[in-house]
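Step one of this worksheet: look at the structure below.
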There are 2 protein chains.
Amino acid sequence: MSARQDPPSRPTIIHVARAAGVSKSTVSRVLQGDTASVKPETRQAVARAIRKLGYEQNAIASSLRTARTHTVMLIAPDIANPFWSEVTRGLQDTMEHSGYSVVVGNGDWDPHRESQFLKTAQRNRFDGIAINPTIIHCRELRATGIPTVILGIRDGFPQIDMAGSDTYRGTLDALAYLYKMGHRRIGFIYGRYNTDPGYARFQAYADFVKRNHLRADSSLIVEVPFDRAGGERGMQTLLSLSKPPTAVFASNDILAIAAMQRAAQLGVKVPGDVSIVGMDDIYPAAMTTPPLTTMAKQKYEVGCQAAQFLIERIAGKAPREGRRCVLPCRLVERGSCAPSRG
Amino acid sequence: MSARQDPPSRPTIIHVARAAGVSKSTVSRVLQGDTASVKPETRQAVARAIRKLGYEQNAIASSLRTARTHTVMLIAPDIANPFWSEVTRGLQDTMEHSGYSVVVGNGDWDPHRESQFLKTAQRNRFDGIAINPTIIHCRELRATGIPTVILGIRDGFPQIDMAGSDTYRGTLDALAYLYKMGHRRIGFIYGRYNTDPGYARFQAYADFVKRNHLRADSSLIVEVPFDRAGGERGMQTLLSLSKPPTAVFASNDILAIAAMQRAAQLGVKVPGDVSIVGMDDIYPAAMTTPPLTTMAKQKYEVGCQAAQFLIERIAGKAPREGRRCVLPCRLVERGSCAPSRG
DNA sequence: CAATATATTGGGAACGTTCCCAAAATCAAT
DNA sequence: ATTGATTTTGGGAACGTTCCCAATATATTG
């Protein structure tokens, strides 16, 4: 049909060898920076040939032979959430610094997609996996045979490295902060996960109530999906209680911000009528009115640390047992909290 | 040293063949879904063997043979900006839907990194590239020999597909909106790019001024870097003018939001004392106080369209000349603008 | 200078697929 | 049963590297 011109196929190591008057073995050595076992002159000659031909190494062929792809997969539940963007950046910067590329899979809270990505990682022989598992279990992860790190702190993954935040402690501290301001009826907008991470917050809330001898009032806990609509609905529910809370802790900033907006719509003043504390400290938290007081997580650092773990494990320099790096949270006081007027 | 157990090497197509009592060719055919030329029974037998051995195809080997990787690279200047997160999501969703993985490279406004990513794409024989070029030129892009789509509308890339927003028209409309509200002194916070995209806005501003016979006052144009600090500085500069503008158009929402915050810090009321219009409509724009009026871009859709172009071009189903898809902007009126009191 | 050690190099097998082509099996028609 | 067409299968050469091992060139020593 159309006289499709043959795409000028890229030069291979063999073309380079020919041009430099050496064998492909030698070229390969130069390519790998094996400075010890190749004479400087030949080295030069090869380099010249490479430049002249515009040769680019074929990573595919290399990977096939070495069984290393220098690529890892990141599986996060929701890249649209700035929280994960930040974690991703940390991971990516660190991985790239060590010569790895990062493929990011957006799980989108869909269990099917999650295991789909796992398969992709397997087929493509990725060197590592960083994942915040929503539904995937330990055995499936280990069955891949690929070095793995978990983003977040989870039970039930004994042999796997984990990097995350101290959500339990952070939640406790956030609640203590409100308590110290005189709040005794504290609502809890509880983002629902299928698995533990939400649970740490829940646990902390329960422990807090017990420890301070507050009356356990289950109507103060509302469970909602982890999105904007969830936050709005949560606040709505809490405020329409016959005895609404004077303060609210939300599982994350997305929920907290939405809650704050809904409060405003209902004519309830923040922090005058109700105080709000969020968690994560995502980028938009600083620009709401009032700016959101929140328990900040070290997002970028979590990503970096996870990458570090992963790199070591890939290199086989990690201990058999799983390590965990738990970074503390830190309260960022802005304008969404005030002393209770009770 | 340590008795490292041999990792149980994955089964290959040959193991499957052996188990099913057929040749590797036949297994390969089954794998590729070549339903026409393999007898249903053998097909079944192979499928059984695959399941039994837990075989996973080696995409690397496959790629080496077929010269197709089913992977594309996205190079964006700043993934932390929610604008790019959205575009990325659109691209990713569409690409994944067609069986492609997406590697995202965060250019971080660093020209060196940008061409570094290009090299990576080349070495890994990625099937496609989607890029918002900040410094890279057309020839370098074409020299890769990889099908490419540009995110955004640019001059100087004649043969390359582009998907983006009508920034020129959008800017014009935003300014017209302010004009209709009675504003005659309109400031322009001009995000600096090395290349055109900022320029479309600049051009529009200049044309607008001329067309409406406004006095060309260069002190109303401040050029700043494309980040939060830039926005704050820009606003500061404009407000300290002896005759400050009554309205400001900012190149994007990051700048606009920062500008708004700086105004508030300086005790200048928005929109009472100064109106502000942004561009992009990123996620945080809705939660500022007042919420930001902005010229919305169809971020997700741009990503989808770019993916579509790329997929077609990879398949060789695209015309030789570059196509362009220009999506219109749409004004989202929120609370940061008010009629001029002049 | 011979003999040995050491620094460089080259040849070829392997990695796990795909794909061409030929071989074998099946079917249809005489 | 024979021929020919058609379906289904198998064998082996690629793809572009790396890496082992052997071969050669060079340096060192007596």
Side-chain angles (χ1 to χ4, degrees), chain A residues 6-47 49-50 53-71 122-127 145, chain B residues 6-47 49-50 53-71 122-127 145:
Chain A
D6 270 333
S9 68
R10 301 167 191 283
T12 76
I13 206 176
I14 297 198
H15 298 130
V16 176
R18 207 129 50 198
V22 297
S23 76
K24 58 186 168 40
S25 307
T26 302
V27 177
S28 177
R29 275 186 276 261
V30 172
L31 248 30
Q32 291 166 73
D34 182 350
T35 169
S37 58
V38 49
K39 199 157 55 175
E41 311 158 35
T42 28
R43 179 181 195 64
Q44 299 266 324
V46 171
I50 287 177
L53 298 183
Y55 169 79
E56 278 288 346
Q57 184 161 19
N58 184 332
I60 303 291
S62 177
S63 291
L64 178 58
R65 181 62 232 239
T66 62
R68 304 280 258 94
T69 53
H70 300 284
T71 305
Q122 252 177 115
R123 276 199 308 272
N124 286 87
R125 301 296 193 263
F126 288 158
D127 289 341
Chain B
D6 270 335
S9 67
R10 300 168 192 282
T12 77
I13 207 176
I14 297 196
H15 298 129
V16 175
R18 207 129 49 196
V22 298
S23 77
K24 59 184 169 40
S25 306
T26 303
V27 177
S28 177
R29 275 186 276 259
V30 173
L31 248 30
Q32 292 167 74
D34 181 350
T35 169
S37 60
V38 49
K39 201 157 53 175
E41 312 159 33
T42 27
R43 181 182 193 61
Q44 299 266 325
V46 171
I50 287 178
L53 299 183
Y55 168 79
E56 279 288 346
Q57 185 159 18
N58 185 332
I60 302 292
S62 176
S63 291
L64 178 58
R65 182 60 232 238
T66 61
R68 304 280 256 97
T69 53
H70 301 284
T71 305
Q122 250 177 117
R123 275 200 308 272
N124 287 87
R125 302 295 194 263
F126 287 156
D127 289 342

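Sequence lines set the chain letters: A, B, ... in the order given, protein chains first and strands last, and positions in each chain run from 1.
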* **Distance in Å, A:Leu53 CG paired with A:Ile13 CD1, rounded so as to fall on 0.5 Å steps** => 12.0 Å
* Straight-line distance of A:Gln57 CD to A:Ser28 OG, nearest 0.5 Å -> 7.5 Å
* Looking across every strand, which nucleic acid part, if any, lies under 4.0 Å from A:Ser25 by heavy atom: base, sugar-phosphate, or nothing? -> base
* Report which part of the nucleic acid B:Thr42 touches: base, sugar-phosphate, or nothing (heavy-atom distance under 4.0 Å, all strands). => sugar-phosphate
* Length of the line joining A:Arg29:CZ and C:dT9:P, which is rounded to integer Å -> 8 Å
* Asked: What is the distance from atom CZ of A:Arg10 to atom CZ of B:Arg123, rounded to the nearest 0.5 Å?
  -> 11.5 Å
* Asked: At under 4.0 Å between heavy atoms, what does B:Ser37 touch on the DNA or RNA strands: base, sugar-phosphate, or nothing?
  -> base
* For the atom pair CD1 (B:Ile50) and CG (B:Leu31), what is the distance rounded to the nearest 0.5 Å? -> 5.0 Å
* To do: Walking along DNA chain D from 5' to 3', note the first and the last nucleotide with an atom under 4.0 Å from a heavy atom of chain B, and give both.
  => D:dT8 to D:dG16
* To do: Nearest 0.5 Å please: distance from the NZ atom of A:Lys39 over to the OG1 atom of A:Thr26.
  => 10.5 Å
* Would you indicate what A:Ser62 reaches in the nucleic acid, counting non-hydrogen atoms under 4.0 angstrom: base, sugar-phosphate, or nothing? => sugar-phosphate
* **Partner of B:Arg29 by side-chain contact (heavy atoms from CB on, under 4.5 Å), out of B:Val46, B:Asp34, B:Thr42, B:Val22** => B:Asp34
* Asked: Base, sugar-phosphate alone, or nothing: which one does A:Ala36 contact when heavy atoms must sit under 4.0 Å apart?
  -> sugar-phosphate
* Structure fact -> The residue, B:Pro40 or A:Thr66, whose nearest nucleotide of DNA chain D is more 5′ is B:Pro40
* Structure fact -> Ranking A:Arg125 and A:Thr26 by the position along DNA chain C of their nearest nucleotide, the one closer to 5' is A:Thr26
